[in-house]
Amino acid sequence: MSRWAEIVVTRSRWVLAIVLLVVLFAGAWGVGIFGKLTGTGYYDPNSEAVEVEQIIYENFGSQAADIIALYTAPEGRTVDDIRPDIERTLAEFQDAVPAESIQTYWTAPPPMNQLLLSTDQRSVAASITLGANSGLTAASFPEALDLLEVPGVESQFAGNTVVAIEFTDTLESDLVRSELIAVPITLVLLVFIFGGVIAAAVPVFVGVLAIFSSLATLRLLSNFTEVSSYALNITSLIGLGLAIDYGLFIVSRYREELAAGSDVTSAVKRTMSTAGHTVMFSAALLICAFAGMLVFPQTVLRSLGLGAMAAVLGAAVLSLTAVPALLTMLGHRINAWTWDRETSTRAEARARRFWGGVVRKVVRRPALIAVVITGGLLVLASPLFEARFGEIEYTALPEDSQARAATQTLLDEFPSTGNGATLVLRGENGQAPDSTAVRTVSTEVAKVDGISQTVIVGQESDVVVLQGLYAQGVDGTARASEITGELRALDVPDGTDLLVGGGRALVDDANQAVSDSLPWMITIMVLSTLVLLFLAFGSVALPIKAVLMAALSLAATFGVLTWVFQLGHGASWLHVVPAAMEPTFVVLILAVVFGLSTDYEVFLMSRMMEARAAGATTVEAVEYGIARTGRVVTAAALLLIVVTGAFTISGLSIMRFLGVGMIVALIIDATIVRMLLVPSLVKLMGEANWWAPAWMKRVHAKVGLGH
C-alpha cells in the first residue's frame, strides 16, 4: 500500500484523469443494461419442477400465459354481446403481434373454457401465449397491451409477463428516484459531519462514480449470465453506499493526520497505510460474504452475488485511487468552504469525550451490559421460530398497480386461476405410457384433497401431460405445497415414470434449494471471515467474537423482519401485505449484514490494535478505539441507512423489506453491538483477546494486515 501511495502522491492528476475517463466511458456503455434485465432465474434449474417445464416446452411449446386479458361487459349487456368486439380486437392483435396461442371462453375446449368465464358470468378472459418471434420488448410491451383494449369495454391485463414487466419498470423508476433523494441528503449529512463542503463533496463524488461503475459491471455480467432486474437497484446502491462510507473513513483519517501536524504528502501516505489498508481489507471481507451467494443454483442469486462483489470491488478501487488523488490535489483546502474552521475539530473532540465516557461506563459493569444487551437481542430474534420462505407475489406491486388490480380480479371473480399441479407421464424405451396407466394416475390425482379435477393437456411422443386443477381457495395456501408432496408420493403403474411440477412446485423446489445451499453459504462466509480477521488481528478470540456478534445482529434483524413482514405487526404502516419471506432477499440481507458487521469490527478493532501495539492495556485500548471510531462508524452507518433506506420509498413491498432490514441491522450493529456489546466483551475477555499460538503469531507477522 505504501508503494501505491507514493504513485498516487507523485502522479495524482494522472491517476484522477485516468479514473474519470475509464469510469465515465464504462458508465456510458453500462446504460445499455436497462434493456437486458430479466425477471427470471428464481427457480432451481436442477429441480423436478423445472424438468417438467422443459419437457412440456420441448414437446408442446410454451404453455404459460404471458397475458390474461379480462373483459367485463357494460351494464345491460352480456359477454356474448361483446364477443364480436373482443374477437375483432384479438384478431387485430394477432396480425400485429405474432402469438403462439390465443384462447377465450368461446374457443378453449371444455372444461378449460369454464375457467375463462367469471362466476357472475359478466367477464371473460383471453389467455395469450406470445410466440418466440413476437418481437416484443419491455419498452414496446405497453403498446401491445394498448392493442388489446376493447372500446367501450372495461379491459384489464394480468399474466406472468405483464406482472414481470411492471416489476422491472417500477424498479427502474425507483432507482432514479432513490438516488435523487439519497445523494443530496447524504451530501447535507456529510457537510454537518465534516463541518465543510469540500470534505463532504469528496465521498459523494466518488459515490456517484461508483454508480457508473455498477452499471458497467452489470452490463458486462449480462454477456455471461442472466441479470435480475433487482440487481440494478441493489448493485448501484451498494456501490454508492460503500464508496461514500470508504470515502468517509479515508477523508476522516486524512484530516486527523493534518490536524496532528503532518504535511500533505505524509498525511496521504499515512492515511493510505492505515485507513486505506483497512478499506482494502474491509472490501475483501464483504467480497467473501457475497461470494457465499455463488453456491445457490438460482441464477438470480448468483447474479446478485456477482453484482454485489463487483460493486464492493469498484467502491474500494475508486476509494483507493480517486480519493487519495483528490486529497493530494486539495491539500489543506480539504477544510475549505466551512462556516468555522474549528467546527470539525470541536465536533471530533466532543465525539471522543462522548464515546470515551460511554466506554468508561461500559467497562465498569461489563457483565451486566453484556447480559442485558444479549438478552434483549435474543428477544428481538425470537419471532424467527415462526419464519418461513415464500415467493414474490403480485401483492408486492404498488397498491395502484394495474397489473396487481387485474390479478386480484382474476383471483376474486373467476372460478379458478387455472393453476394446479402439472404432471408428466412417460413410458419406457421411448414409448407412450399405457392408456390404462394414464387413466389410473388421472383417477388417483383427482382423489387428492384440494384437486377439483384432472385434465389431459396433451400427448406427444412418449409424454402425456395432465393438469390437476386446484379447488377454489387452495391456490396460494400451504395446502398447495402439501398436494405436490402427495402427488410425488403416488404409486404409479410399472413401466411409467411420473414427474410433478407446476407453479407451486417450482417455488417449493426453489425454496428447498435455498435451504439446502444456505449452510454452504454460511460456511464459506464464516471460514473466510475467520481467516481474514486472524490476518487482521493476529488473534484467535477476536475473529470468533466478531462472527458471533454478526450472528447476533442478524438474528435480531430477521426477528424484527419476521414480526413485521410475515406476522403483520405494523405492516399496514408500511403499506405491505403480510407474507412469508422471499428467500432471495433473505440471502441478500444475510450477506450484506454479515459483511458490514465484520467490516465495522475491522475499523473498530484496528484502532484498538494500534493502541495495544503502542503498549496500552486492554481497557485503555478499548477506550482509545471506541473514542476514535465511534463517531466515524456511527456516521458511516447513518449514511448507509440513508442510501439503503431509500429502498423503503419503493413501490414494491419486497424492496421495502430490504430497506427496513438494512435500517434495523445498521442501527443494531453500529450502535448497540459495536459501541456497547463489543467493548464489554473485550473487557471481560481481558488478555485472552490478544492470544494466539506462537506459530499463528509468526504467520500473522508475515502476512497480517499491520497497524
Side-chain angles (χ1 to χ4, degrees), residues 192-193 248-249 252-253 256 344-381 537 539 541-553 555-557 560 596-641 663-691 707:
F192 281 98
I193 292 168
L248 169 68
F249 289 133
S252 296
R253 187 59 186 251
E256 184 180 327
S344 179
T345 303
R346 289 196 299 270
E348 181 63 29
R350 285 195 301 270
R352 290 186 182 183
R353 285 196 301 271
F354 172 78
W355 289 113
V358 168
V359 77
R360 282 191 293 274
K361 292 177 181 177
V362 169
V363 297
R364 281 201 293 267
R365 295 182 178 84
L368 177 63
I369 297 292
V371 169
V372 170
I373 291 177
T374 302
L377 293 177
L378 289 176
V379 169
L380 288 179
F537 302 143
S539 160
L542 291 178
I544 295 174
K545 177 182 67 64
V547 168
L548 292 176
M549 293 303 95
L552 192 57
S553 292
T557 298
V560 173
L596 287 176
S597 180
T598 51
D599 183 25
Y600 291 150
E601 183 82 357
V602 168
F603 281 99
L604 175 61
M605 295 305 300
S606 63
R607 297 309 293 264
M608 291 188 192
M609 296 293 288
E610 285 184 29
R612 181 69 180 174
T617 65
T618 297
V619 172
E620 290 169 344
V622 170
E623 183 176 341
Y624 179 89
I626 295 291
R628 280 160 177 76
T629 60
R631 181 169 182 254
V632 72
V633 167
T634 51
L638 175 61
L639 295 173
L640 264 182
I641 284 173
I663 291 172
V664 171
L666 287 165
I667 290 174
I668 289 173
D669 196 83
T671 55
I672 298 172
V673 171
R674 217 52 52 194
M675 298 298 139
L676 299 176
L677 184 56
V678 167
S680 68
L681 292 176
V682 172
K683 172 63 167 59
L684 289 171
M685 292 163 62
E687 291 302 309
N689 285 290
W690 327 108
W691 179 85
H707 311 294

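The figures here come from the full heavy-atom set of this structure, side chains too, leaving out hydrogens, waters and symmetry mates. Positions are given from 1, in the same order as the sequence printed here.
- Side-chain atoms of Leu552 and Leu378, non-hydrogen and from C-beta on, do get closer than 4.5 Å to each other.
- The backbone N or O of Ile193 lies less than 3.5 Å from a partner atom in the side chain of Arg631, making a donor-acceptor pair.
- Atoms CG and OG1, from Leu639 and Thr634 in turn, are 9.5 Å apart once rounded to the nearest 0.5 Å.
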Could you list the donor-acceptor pairs under 3.5 angstrom formed by side chains in residues 666-681, with sequence neighbours left out?
residue	atom	partner	partner atom	Å
Asp669	OD1	Ser553	OG	2.7
Asp669	OD1	Ser597	OG	2.8
Asp669	OD1	Arg674	NH2	2.7
Asp669	OD2	Arg674	NE	3.3
Asp669	OD2	Arg674	NH2	3.0
Thr671	OG1	Ile667	O	2.3
Arg674	NH1	Glu601	OE1	2.3
Arg674	NH2	Ser597	OG	2.8
Ser680	OG	Leu676	O	3.4
Ser680	OG	Leu677	O	2.6

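- With hydrogens and angles ignored, the 3.5 Å screen pairs a side-chain donor or acceptor of Ser606 with a backbone N or O of Phe603.
- Scored by the salt bridge (charged side-chain N to carboxylate O under 4.0 Å, His left out) test, Arg352 finds Glu256, Glu348 as partners (sequence neighbours excluded).
- Nearest heavy atom pair, residue Thr598 against residue Ala546, reads CG2-O, 4.5 Å.
- Atoms CD1 and OG1, from Ile663 and Thr557 in turn, are 11.5 Å apart once rounded to the nearest 0.5 Å.
- With a 4.5 Å cut-off on side-chain heavy atoms, Trp690 and Thr618 count as touching.
- In this structure, Val622 and Val363 approach most closely via the heavy-atom pair CG1-CG1, 4.5 Å.
- When all heavy atoms of Leu248 and Val632 are compared, the closest pair comes out as CD2-O, 3.7 Å.
- Residue pairs that meet the salt bridge (Lys or Arg N to Asp or Glu O under 4.0 Å) test with at least one member in residues 675-688, sequence neighbours left out, are Arg612-Glu687.
- Between Met608 and Ala621, the shortest heavy-atom contact is CG-O, 3.3 Å.
- Between the CE atom in Met685 and the OG atom in Ser539 there is a gap of 6.5 Å [rounded to 0.5 Å].
- In this structure, Glu610 CD and Thr629 OG1 are separated by 10.0 Å, a value rounded to the nearest 0.5 Å.
- Contact annotation: the side chain of Leu640 approaches that of Leu596 to within less than 4.5 Å [non-hydrogen atoms, C-beta and beyond].
- Across all non-hydrogen atoms, the minimal contact from Ala611 to Tyr624 is CB-CD2, 3.6 Å.
- The list of side-chain hydrogen bond (donor to acceptor under 3.5 Å, both in side chains) pairs with a residue in residues 353-381, not counting sequence neighbours, reads Arg360-Glu623.
- Residues satisfying the salt bridge (charged side-chain N to carboxylate O under 4.0 Å, His left out) test with Arg628, not counting sequence neighbours, are none.
- With sequence neighbours left out, the side-chain contact (heavy atoms from CB on, under 4.5 Å) criterion links Leu548 to Ile544.
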